[in-house]
Amino acid sequence: MDYTLSVLVENHPGVLAKISGLLSGRGFNIRSIAAGETEDPSVTRIIMVVAGDDRIIDQVKKQLDRLVDVIRITDLTGIPSVDRELALVKVSSSVSRRAEVFQIVDVFRAKVVDIAHKSLTVEVTGELGKVEALIEMLKPFGIKEIVRTGKISMGRGEAVAEKGGESRA
Amino acid sequence: MRMPGAKMVVEALKREGVEVVFGYPGGTIMPFFDFLHREDIRMILNRHEQGAVHAADGYARASGRVGVAVSTSGPGATNLVTGIATANMDSIPLVLITGQVPVDMIGNDAFQEADIIGISRPITKHSYLVRDVEDIPRIVKEAFHIARTGRPGPVLIDLPKDVSVAEGDFTYPEEVNIRGYKPILNGNSQAIKRAMDFVRRSKKPVIYAGGGIITSEASAELTAFARKTGIPVTLTLMGLGAFPGTDPLFLGMLGMHGTVAANQAVSECDLIIAVGARFDDRVTGRVSKFAPKAKVVHVDIDPAVISKNVLVDVPVVGDAREVLQEMLKLAEPLPIDSWREELMAWKRENPLTYRQDCPVIKPQYVVEKIYELTGGDAIITTEVGQNQMWAAHYFLYDRPRTFLSSGGLGTMGYGFPAAIGAQAAFPNRVVFDIAGDGSIQMKIQELATAVLNELPVNIAILNNGYLGMVRQWQEFFFDKAYAFSCLGQRPSCPRHCNTPNEECPPYVPDFVKLAEAYGAMGVRVERPEDVEGALREAIQSPRTFILEFLVSREENVFPMVSPGAGINEIMIG
Ligand SMILES: Cc1cc2nc3c(=O)[nH]c(=O)nc-3n(C[C@H](O)[C@H](O)[C@H](O)COP(=O)(O)OP(=O)(O)OC[C@H]3O[C@@H](n4cnc5c(N)ncnc54)[C@H](O)[C@@H]3O)c2cc1C
Ligand SMILES: Cc1ncc(C[n+]2csc(CCOP(=O)(O)OP(=O)(O)O)c2C)c(N)n1
Ligand SMILES: [Mg+2]
């Protein structure tokens, strides 16, 4: 199963290396990781999706929490949250098949953001399932390149960010 | 007050009450040493940076204070690595200071540049690259705080040369506030109550305690708790000394080389009260067979060790001392006489023994004699291998901080520099490194350090001519093929030799001459009847002393549990 963790860390050089080193060094299986500054510029938020079971995730949280630079960990798994991923998909498409691509893009409420002679670039934002479904639909045209941000998530409402599954005992 | 960065570091060490630093100089760290040598802090010049870290580590384990080791950048820094990993595995508080190339040269493959922050990341508790001289007071303050609090560990400060010489304002902070670092000290009172409910209900409880008792200075509390409730105690290798080795309630060490009584107790008990111990695989053996009938209460300061290897029924996160004090308030004598009697019978019937069946010195005998002649009042460090296990078995440690050994990493070469550190902390105590002939050669150059600093460390080399622990495994698990474990092998030897005899080529080096070459005392002991006299001489001597005991070559460490077996499946030799 996939778990989503929101991790607040000090915004120093080297902190991301610490986190990724810890995860790989202990053999945890990371599906995606996305980091960016928060409303407080001294703090970075990392959203990571980790594969495992309850016991493994418990270890992931505890090991992350041991890092001095980790300020707080919130487990967003199973908590009402807004989940998004952004993907750019470059599709081969001859002029004759463009209309078909546009149709699919429309249905998914995605956007075509670049057109060249032999390819189109599609931008899609949404939940993981939607992004994956669109990629699936575009495959028959021939996919040249995919860039995905990895999932970002935010608890819904106010209470969640404070309470949701915080790991500090 | 304005001053250069390097002086700030020295000033900060003074504020932290540092009395001794272990280190080795080089280009980028020269400004620091220049200021240090104008101060009243003792500096011990080791002969290898790894020796400096182990010495700082031995100092820390013996004294309970933070150990400090300093090196230059590049090769100096990379030489620290084994020492840092050793301390990290055993949760020992150290502050390491490394020189670094100037900030604007970092990343350029500059002369003697190594990314020591990157290299040491997985083996430090925390690390700092100092970019701004004004940050030095805060960083040093935080480093000491992080090293010694919570679950202790090594903290590294990488100090670029330009930062060392830049001037800044020195104001030492009064307190530390790190928002991501707030160790939990007092255990949750509900959890403690629940733990004590389990204790009260159990019919066959056993206390399993480890290095965390020593870290938290909780020996008195642990002892009081065991005596009040009447619950027998087993200790990990790292815990030895945390509970008196001579106490009737003590079952001995558990685990791979644990006593029959301790391993049986854990296998048969209905409750394990684990305090400051981390269920290491050398302790549990095959986890599925570990303590099959037991509920588990686990007191530890590090939430990450709870339910990591063994599922825990009652976790109590907190400092062992504080939690034991609370548990003690709720403790009462338990009606477990028949269980205790059963354990005492196991202990009586299965003592640690060896056969004195040949005219050759038995290594166990040497350790026994060290115990006897020092009256148990000595600081013992060990190397790694059979020597380490015999040191754990045949010396009874009644007090914490008297048994210093690399448990988690198992670093050969630890014991001698650690003994130097311990002796530096306690110049008047008797310090012994119980050594193997293989391990001692890993850091033998520290003889110069010991001699020149007038540290009367005693080294008892149990010379079996083998990497004995490796040879033992080869005997048991590799059809007795002694591949590359004989330390005397030459081209003239048979390629496959497992029959040491009188014809074997002479041992290299000659440890007695080596001792003399360094200006230490060296004595070779070949007969059991000479052991005592030689030990007496070393103990009384104010000099660094090597005693080389030629011991029976193929002696094995028993009891032993095969790797992968349950800890009740014990080979007793
Ligand atoms: C050749 C060889 C053979 C070995 N054989 C054995 C063997 O037979 N038996 C054996 O026991 N070991 C053996 N070891 C050692 C083994 O590898 C481990 O190092 C050891 O078992 C770990 O001891 P520990 O659980 O006490 O943990 P430590 O490594 O000492 O860790 C201390 C624990 O206490 C916690 N702690 C720290 N501070 C506090 C505090 N203030 N309050 C509460 N908790 C705290 C920490 O979080 C940690 O969980 C052997 C090693 C070697 C090299
Ligand atoms: C640095 C290092 N290298 C290798 C090992 C593997 N090892 C463990 S015990 C041992 C043999 C130690 O030999 P010696 O010091 O003579 O001790 P003995 O077992 O003979 O008492 C070896 C090689 C180790 N623990 N540390
Ligand atoms: Mg040996």
> For A:Glu100, does the CD atom sit with more than 12 other heavy atoms under 6.0 Å from it, leaving out its own atoms?
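Buried by this count: over 12 neighbours within 6.0 Å.
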
> Report, by ascending residue number, the residues of residues 10-27 of chain A in heavy-atom contact with chain B at a distance under 4.5 Å; give 'none' if the set is empty.
A:Glu10, A:Pro13, A:Gly14, A:Ala17, A:Lys18

> Any idea which heavy atoms bring A:Arg55 and B:Val310 closest together, and the distance?
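Taking every non-hydrogen atom into account, NH2-N, 4.1 Å.
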
> Can you confirm whether A:Met154 is buried at CE, in the sense that more than 12 heavy atoms of other residues, nucleotides or ligands lie under 6.0 Å from that atom?
no

> Can you say whether A:Leu8 sits under 4.5 Å from chain B via the side chain, the backbone, both, or neither, judging by heavy atoms?
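Neither part.
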
> Nearest 0.5 Å, what's the CD1-CD1 distance between B:Ile178 and A:Ile71?
11.5 Å

> Test side-chain contact (heavy atoms from CB on, under 4.5 Å) on A:Asp69 and B:His126; report intermediate values, then the result.
CA-CA 9 Å; A:Asp69 287 324; B:His126 194 52; 3.5 Å; yes

> Does A:Arg148 CZ have over 12 foreign heavy atoms under 6.0 Å away?
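Yes, the 6.0 Å shell around CZ holds more than 12 heavy atoms from other groups.
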
> What's the shortest heavy-atom distance between B:Ala304 and A:Gln63, and which atoms?
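Shortest heavy-atom contact: CB-NE2, 3.7 Å.
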
> Atom NZ of B:Lys182 and atom CG of A:Asp65: how far apart are they, to the nearest 0.5 Å?
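It is 12.0 Å, given to the nearest 0.5 Å.
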
> Counting neighbours of NZ on A:Lys90 that are heavy atoms of other residues, nucleotides or ligands and sit closer than 6.0 Å, is the number greater than 12?
no

> For residues B:Arg151 and A:Arg66, determine if any side-chain heavy atom of one lies less than 4.5 Å from a side-chain heavy atom of the other.
yes

> Quick one: closest heavy-atom pair of B:Arg179 and A:Ser42, and the distance?
NH2-OG, 2.9 Å

> Identify which part of B:Ile117 has an atom lying under 4.5 Å from any heavy atom of chain A, answering side chain, backbone, both or neither.
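Neither part; nothing is under 4.5 Å.
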
> Would you say that more than 12 heavy atoms from the other residues, nucleotides or ligands in this model lie under 6.0 Å from the NZ of B:Lys295, or not?
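At most 12 heavy atoms, drawn from other residues, nucleotides or ligands, come within 6.0 Å of this atom.
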
> For B:Arg138, is the CZ atom crowded, meaning more than 12 foreign heavy atoms sit under 6.0 Å from it?
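Correct, the count exceeds 12.
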
> Rounded to the nearest 0.5 Å, what separates atom NZ in B:Lys125 from atom CG in A:Leu67?
11.5 Å

> Please state whether the side chain, the backbone, both or neither of B:Asp302 comes within less than 4.5 Å of a heavy atom of chain A.
side chain

> So does B:Asp109 have more than 12 non-hydrogen atoms from other groups sitting under 6.0 Å from CG?
no

